[in-house]
Every structure is written in structure tokens, then in C-alpha cells.
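A short write-up of the structure that comes next.
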Amino acid sequence: MLAPSIVIVIVNDISYYQFGQARVPLIFSLTACLPLVSVTIGTMKKIRLITYPQSLVQADQLLDYADVLVFGQAGLAIRMPASFSREDQARLVALAHDRGKQAVIAVNGLLHNAQIEALADYLPYLREIQADAVLTGDPGLIQVMREAGLDIPVVWDTQTLNTSAASLNFWADQGAVAAVVSNELTGAELRDLLCQLTIPAWLQLYGAVGLQHSLRPYVSNYGCHFGLPDLTAGPGQPLYLSEPNKPDARYPLYEDASGSHIFQAEDLNLLPLLDQLVHMGIHCWSLNSLFLEENTYLDIVALCRQAATALEQGRWTCDLAADLTSKVRALHPAQRPLGLGFFPLDPRDIS
């Protein structure tokens with residue numbers, strides 16, 4: 001049930017949460033997915049924060065608040081804030097386990113034959129260092145593990161393509177222990193997916209949202225064409241794209257060994273909707289660290305842990321939601337707008 005201080009108003013037959021002068025659409029029945037929620041205040045399932053460390057030192061600090069570290073190495077993992085050597089991956093796994101937390105290795109790149117062949121050596125190493133799971137969306141990786149007799153759990157992640165419960169349940173039958181659901185689902189679509197999903201869902205709560213990935217080196221090609229051989233763009237200093245019909249929208253772009261990565265013009269912040277997400281059965285919140293300073297990301301993760309604890313203890317109110325949202329906005333880079341993404345949209349209005 002909702003915390004007593006949350007106010008619901010109805011305008012033109014649409015229900016909203018009221019946060020001071022702001023309103024957030026309440027676009028689903030709170031009882032629709034209750035069988036998936038375990039369950040009432042006081043016995044609520046623990047909320048898990050999934051984080052992406054930018055360094056070994058920061059990883060140790062993140063574990064004060066986070067439950068899962070996700071990291072990888074260049075060439076096999078994409079859209080990670082840092083690339084860690086095998087030795088550092090072993091250190092991160094040990095660090096997480098020493099704190100009673102989990103370490104998930106990202107192997108979520110577009111794997112060509114050369115990368116698939118490299119997995120024959122890499123995956124046994126991940127088993128040796130006792131990685132808790134691999135994050136991937138490539139069936140070839142699962143086949144390599146089967147052929148090698150490896151039993152590393154899989155978190156299934158095909159990014160924006162994870163829009164169907166039937167597809168995700170298929171991969172659950174193949175051994176996936178969790179799935180990253182698309183952040184291009186509306187709240188109504190997400191509710192319908194979760195009511196049928198048989199494994200835990202990871203949902204991005206905060207941060208930059210991937211829009212496109214290509215193996216083509218867009219930045220290098222642009223620099224070559226316009227006589228700018230020194231033009232570069234990395235996660236710490238991206239370039240920005242715009243389009244003629246949206247001149248004010250700025251899409252971050254950077255290039256690395258895996259190709260070019262373009263992101264949505266608006267970063268995601270679902271913090272105002274956390275109680276809705278919990279009622280829907282989402283207890284695994286992913287917090288993206290791309291384009292952030294290390295200390296800024298750490299502070300935002302701490303605020304999200306404060307929110308999670310309040311929900312777990314039945315202390316979530318609209319005032320607390322507004323306060324934490326305001327603090328996240330104050331920490332977030334001023335040049336990067338924040339929004340609710342697809343969540344409040346009507347599926348019929350998306351084209």
C-alpha cells in the first residue's frame with residue numbers, strides 16, 4: 001500500500017501523484033502485480049543497487065551503498081565507464097565478496113568471431129575468480145559456456161530489445177538468472193511485462209541512456225573528412241550531436257575500441273517514481289555512471305540507497321521523494337537535462 005502522506009489527484013480521469021506543484025502520472029493499477037511483490041511494508045524484498053565503478057578506489061566506496069558492481073574490459077564490454085585488466089577484475093570480485101556483495105562481469109559488446117574465440121580463455125578465468133554472473137546479450141557466449149561445461153550465471157541484456165516477457169522467459173529457460181529490461185518501455189508496457197516475467201528484472205533508474213552503437217568510428221571519420229586529425233571524444237569528454245528539427249537537443253557521442261556510442265539527449269531519473277516501481281515488483285535498480293565525476297556518482301548512489309532504505313522501512317513520502325530528487329538534480333551535470341524517459345508516456349502516443 002502507498003505511504004499515507006502521498007497525495008493522489010485526478011484530472012480529466014487521469015490519476016497523478018502530487019509533489020508540491022508538480023504532478024507525476026500514476027498510469028497503472030497498484031494491485032495489478034501484487035503477486036510479484038514480496039510484499040508489505042516491513043517484509044519488503046531488499047532493494048538492490050547495481051553500480052558501475054570508475055576505479056578500484058571508488059568501487060570500495062560504492063560498496064558502502066551498492067549491492068552489485070558491474071564492470072568489464074575493453075573489446076568485450078561496451079558503455080562501461082572504465083576498462084579493467086584481468087588482475088583488477090579479480091581484485092574487484094574479491095573486494096565485493098569481502099563486503100558480502102556481488103560482482104557481475106560485463107561481456108555485452110557486439111561479439112564477432114574473434115571475440116567469441118577469445119571467450120574460450122576469458123570465461124574460465126571468470127569462473128576461476130568466482131564472478132557471480134556475466135552480463136551479456138549474445139547467444140554465442142552461452143554456447144561457449146555450455147561447450148566448456150561452465151556454469152556461470154547469466155544476466156540477459158540485449159539493451160533496448162528486451163521488451164517482451166516471452167523473449168526474456170525463453171532466456172530464463174536457457175539459464176538466465178535476471179534480465180535487464182528495456183528503458184524504452186512505458187510504465188504500462190513495463191507493468192504488463194513484469195506480470196509475466198519469471199526472473200528478476202534489472203531496470204535503469206538513473207543516468208545516461210544508450211541510443212545507438214556502431215562499430216564505425218564516427219568521430220575519427222568526421223575528423224578525417226574535415227581535416228581534424230586530432231579530434232577525439234571519450235566517456236570523460238564526449239562530443240554532442242543535434243538534429244535540424246530539434247536544435248536544442250544534444251546527444252552525447254564518444255568513440256572507443258568498440259566503435260561509436262550515442263546517447264539520448266535527456267538522462268534518466270526515475271527517483272520520483274520509486275514507490276511505483278517497487279509496487280510493480282522491481283527491486284534491482286541500475287545506476288549509470290557515464291559522464292559523471294567519481295565523487296558525484298558516489299553521492300548520487302548514496303541518495304538512492306537512502307531512498308531504498310526509506311521504502312524498505314515504510315518511510316517513503318512525497319516530501320522525501322521531492323527532497324531526494326532535488327538533491328540528485330543539484331548533483332547532476334547542469335548541461336545534461338533529466339527526465340522520466342518513456343515511463344509516463346501513453347504507448348499509443350509513441351511513433
Side-chain angles (χ1 to χ4, degrees), residues 1-11 14-28 30 37 40-42 44-52 58 61-68 183 187 190 203-209 264 266-345:
M1 59 188 296
L2 289 174
S5 61
I6 288 180
V7 177
I8 295 178
V9 296
I10 299 177
V11 180
I14 300 176
S15 298
Y16 295 84
Y17 279 145
Q18 185 81 44
F19 293 92
Q21 298 301 313
R23 292 174 179 171
V24 177
L26 177 63
I27 56 177
F28 60 89
L30 290 176
V37 181
T40 57
I41 302 296
M44 181 182 293
K45 201 173 188 181
K46 177 176 170 58
I47 295 167
R48 304 174 73 216
L49 298 187
I50 300 157
T51 59
Y52 298 78
Q58 186 207 40
Q61 298 169 325
L62 285 171
L63 289 170
D64 290 338
Y65 314 104
D67 302 281
V68 181
N183 47 30
L190 182 60
L203 180 70
Q204 183 178 347
L205 180 74
Y206 167 84
V209 179
Q264 296 277 11
E266 185 177 82
D267 290 346
L268 192 64
N269 179 29
L270 296 182
L271 199 145
L273 307 177
L274 294 186
D275 52 343
Q276 293 196 41
L277 299 178
V278 169
H279 277 291
M280 294 171 77
I282 297 177
H283 298 88
C284 300
W285 303 348
S286 174
L287 310 171
N288 196 341
S289 61
L290 280 171
F291 311 132
L292 296 174
E293 297 291 337
E294 289 194 19
N295 288 338
T296 298
Y297 182 60
L298 184 65
D299 290 341
I300 289 172
V301 172
L303 290 172
C304 291
R305 173 50 66 195
Q306 185 179 341
T309 300
L311 279 160
E312 291 165 348
Q313 297 177 354
R315 297 185 290 102
W316 185 255
T317 67
C318 60
D319 288 340
L320 180 58
D323 179 58
L324 294 177
T325 299
S326 176
K327 290 177 178 177
V328 168
R329 287 187 177 278
L331 290 166
H332 190 74
Q335 73 275 19
R336 302 284 303 130
L338 278 171
L340 300 174
F342 284 73
F343 195 93
L345 303 181

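Shortest non-hydrogen contact noted between Leu271 and Cys304 is CD1-SG, 4.3 Å. Between Thr296 and Leu331, the shortest heavy-atom contact is CG2-O, 3.3 Å. Here the closest heavy-atom approach between residue Leu340 and residue Asn269 is recorded as CD2-O, 3.3 Å.
Rounding to the nearest 0.5 angstrom, the gap separating the CZ atom in Arg48 from the OG atom in Ser286 is 11.5 Å. Between the CD atom in Gln335 and the NE2 atom in His332 there is a gap of 7.5 Å [rounded to 0.5 Å]. Atom CE of residue Met280 and atom CG of residue Leu273 lie 10.0 Å apart, to the nearest 0.5 angstrom. Distance check, rounded to the nearest 0.5 Å: CG of Asn295 to CD of Gln61 gives 7.0 Å.
The closest side-chain heavy-atom distance from Ile300 to Leu287 is not below 4.5 Å. Considering only heavy atoms from C-beta on, Glu266 stays 4.5 Å or farther from Val209 through its side chain. Annotation: side chain of Leu324 is not in contact with side chain of Leu274 (no heavy-atom distance under 4.5 Å). Counting heavy atoms from C-beta on, the side chains of Val301 and Trp285 never come closer than 4.5 Å.
When the salt bridge (Lys or Arg N to Asp or Glu O under 4.0 Å) test is applied to Arg336, the partners found at least two apart in sequence or on another chain are Asp267. Residues satisfying the ring pair (Phe, Tyr, Trp, His ring centres under 6.0 Å) criterion with Tyr65, sequence neighbours excluded, are absent altogether. Gln58 is linked by a side-chain hydrogen bond (donor to acceptor under 3.5 Å, both in side chains) to Gln54, counting only residues two or more places apart in sequence or in another chain. Checked against ring pair (Phe, Tyr, Trp, His ring centres under 6.0 Å), Tyr52 has no partners two or more places apart in sequence or in another chain. With sequence neighbours excluded, the residues forming a side-chain hydrogen bond (donor to acceptor under 3.5 Å, both in side chains) with Gln204 are Asn183, listed by chain and number. Evaluation of the side-chain hydrogen bond (donor to acceptor under 3.5 Å, both in side chains) rule for Asp323 yields Lys327 as partners, not counting sequence neighbours. The side-chain hydrogen bond (donor to acceptor under 3.5 Å, both in side chains) test applied to Tyr297 returns no partner, not counting sequence neighbours.
Pairs passing the salt bridge (Lys or Arg N to Asp or Glu O under 4.0 Å) check and including a residue from residues 279-299, sequence neighbours excluded, do not occur.
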Inset, instruction - Go through the steps for Leu338 and Leu268 under the test side chain to side chain contact (heavy atoms under 4.5 Å, CB included), then give the verdict. - result: CA-CA 6 Å; Leu338 278 171; Leu268 192 64; over 6 Å; no
Legend entry - side chain to side chain contact (heavy atoms under 4.5 Å, CB included) evaluation trace for Leu303 with Tyr206: CA-CA 11 Å; Leu303 290 172; Tyr206 167 84; over 6 Å; no
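The main-chain N or O of Arg305 is found under 3.5 Å from a side-chain atom of Thr309 such that the two form a donor-acceptor pair. Under a 3.5 Å cut-off, the side chain of Thr51 and the backbone N or O of Val68 do form a donor-acceptor pair.
Heavy atoms from other residues, nucleotides or ligands lying under 6.0 Å from CG of Asp64 number more than 12.
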